[in-house]
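Indexing begins at 1, ligand by ligand and atom by atom, following the structure's order.
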Amino acid sequence: MPAPRNIGIVGARGHTGAELIRLIARHPLLDVAFVSSRELAGQSVAAQVPEFAGKLRYENLDAAAVAARRADAVVLALPNGMAAPFVAAIDAQNPQCVVVDLSADYRFNDTWYYGLPELTRGRYAGQRRISNPGCYATAMQLAIAPLKDMLAAPPACFGVSGYSGAGTTPSDKNDPEKLRDNLMPYALVDHTHEREVTRHLGMPVEFMPHVASYFRGITMTVNIWLDRAMTRDAILQHYRQHYAKEPLVRVVDAAPWVSTIAGRYHAEIGGFAVAPGGKRVVVVATLDNLLKGAATQAMQNLNLALGFAELEAIPHE
Ligand SMILES: NC(=O)c1ccc[n+]([C@@H]2O[C@H](COP(=O)([O-])OP(=O)(O)OC[C@H]3O[C@@H](n4cnc5c(N)ncnc54)[C@H](OP(=O)(O)O)[C@@H]3O)[C@@H](O)[C@H]2O)c1
C-alpha cells in the first residue's frame, strides 16, 4: 500500500481548481496541504466546494511560500504565462515535488512529461514535471489518434466549448450576456491547442474553436480524410479495439451529445459518419473541459507520479 501524500493547489479559485479539490476529497491517500487564491484568502474551502468537509482555508501564497510548504505534489492551475516563478522556486527548494501544470506553459517543453495517459503513459519514466494537456487538445487527440497512421490530409477540427473553458477572468468568451443566443468563433488559425496537437501527434491538424452559451463541456467534430477506403463498421471496430482497455474513453455508435457529458469524468467518441467512397469520415468527441479536459487528467497524472492506481478517486463505471 503506497504511503499517503499531500498536495497543494495554486490558482485554486478557478473552475479547474475547484474540480480538483472535489477529486482530492474522494482520494483515500491524498490530503490537501494548501490551496492558494489571492481573492479567497481566509475563506473556508467548504464554502466554495461543499463536498470538501475539512477545515481548510484558502491562503495567498507566493512562489517562495508554495515551495517552502514542501508538499509531495503541487498543481499549478493558473492562467497561461504564470507558472515559471513557481516552478523555479520548487526546483530550488523541493525538487522531488511532483508538479502538474494545467496551463500551456510547459506543453512545448521536451523536458516535461506530457500527460495524456491514454496516449502517452508508455512514455512516463518517473518524471516529476508534468504538463497537463489542454481541454480541446485532449478531445482532438483522442478523436484522431486511432486513425493517425491512415491520414491522407490534416484533420479539420470544429470545436465548441462551454464558457467555463475561458476561465474566471472576465472576457467576451465567458460573458453570459454576450453569449446569449450566440456562438462565438475565435482564434480560427494557430490556436495554442492547434500547435499542441500538431506537436504531440506529430502531424498537422487544423482547429477552429467556438464558445457557446452553456457552462461546461466540449464537442469536437473532426473531419478526417483517409488514405484508403474503409467501411463505417470497420472504423467503429477499430476505435473500439483501440480504446478497449481505457475506462475513461468510451466509444459509442451515434455522435455523442455534450449535454450528457457535463459533470462526467470520461470522454466519448462516436458518430463515424462515412462519406460515399469510404475515404472521408467524421468523428465526434465530447468531454467535460473541467474534468477529462483538466482535473480528471491531472488526477490521473498525479496518481501515476505518486505511485497510486491511475483511476484512484476518479468515478468510472
Ligand atoms: N477552464 C478550463 O476548461 C480549462 C481546461 C483545461 C486547462 N485549463 C487551464 O487551467 C488553468 C486554470 O484555468 P481555470 O479556468 O481553472 O482558472 P482561471 O480562472 O484561468 O485562473 C485560476 C486562478 O488563477 C488565479 N490567478 C489569476 N490571475 C493570476 C495572477 N496574475 N497571479 C496569480 N494568480 C492568478 C486566480 O485566483 P486568485 O485571483 O484568487 O488568485 C484564478 O481564479 C489555465 O491555465 C487554463 O488554461 C482550463
Heavy-atom nearest neighbour in the protein, as seen from atom 16 (O) of ligand 1, with distance rounded to 0.1 Å: Thr16 OG1, 2.7 Å
Selected option - heavy-atom contact closest to atom 8 (N) of ligand 1, from Leu287, Thr168, Leu102, Leu40: Leu102
Parallel, tilted or perpendicular: rings of His238 and His242 (30°, 60°): tilted
Nearest-0.5 Å distance, OG1 of residue Thr138 to NZ of residue Lys292: 6.5 Å
Parallel, tilted or perpendicular: ring planes of His200 versus Phe108, cut at 30 and 60 degrees: tilted
Validation row, ring centre Phe215 to ring centre Tyr163 under 6.0 Å: yes
Taking atom 11 (C) of ligand 1 as the reference point, the nearest protein heavy atom with its distance: Leu78 O, 3.3 Å
Main-chain N/O of Ala262 paired with Arg216 side-chain donor or acceptor, under 3.5 Å: no
Heavy-atom nearest neighbour in the protein, as seen from atom 12 (C) of ligand 1, with distance rounded to 0.1 Å: Ala77 O, 3.2 Å
Closest approach of any protein heavy atom to atom 1 (N) of ligand 1, naming residue and atom: Ser164 O, 3.0 Å
Shortest protein contact, atom 47 (O) of ligand 1 (heavy atom only): Asn80 OD1, 4.1 Å
Distance filter under 4.0 Å to Gly167 heavy atoms, resulting ligand 1 atoms: 15 (O), 19 (O), 20 (O)
Residue pair Pro247 / Leu311, side-chain heavy-atom distance below 4.5 Å: yes
Heavy atom of the protein closest to atom 38 (P) of ligand 1 (residue, atom name, distance): Arg13 NE, 3.4 Å
Per-atom contacts of ligand 1 with Ala294, taking only distances under 4.0 Å to non-hydrogen atoms: 5 (C), 6 (C)
Protein heavy-atom partner closest to atom 24 (O) of ligand 1 - residue, atom, separation in Å: Pro79 CD, 3.4 Å
Heavy-atom nearest neighbour in the protein, as seen from atom 3 (O) of ligand 1, with distance rounded to 0.1 Å: Asn289 ND2, 2.8 Å
Proximal candidate to atom 27 (C) of ligand 1 [heavy atom criterion; set Met82, Arg216, Gln297, Arg38]: Arg38
Test: Lys245 and Glu118 ion pair at under 4.0 Å: no
OG1-NE2 distance between Thr168 and His15, expressed to the nearest 0.5 angstrom: 6.0 Å
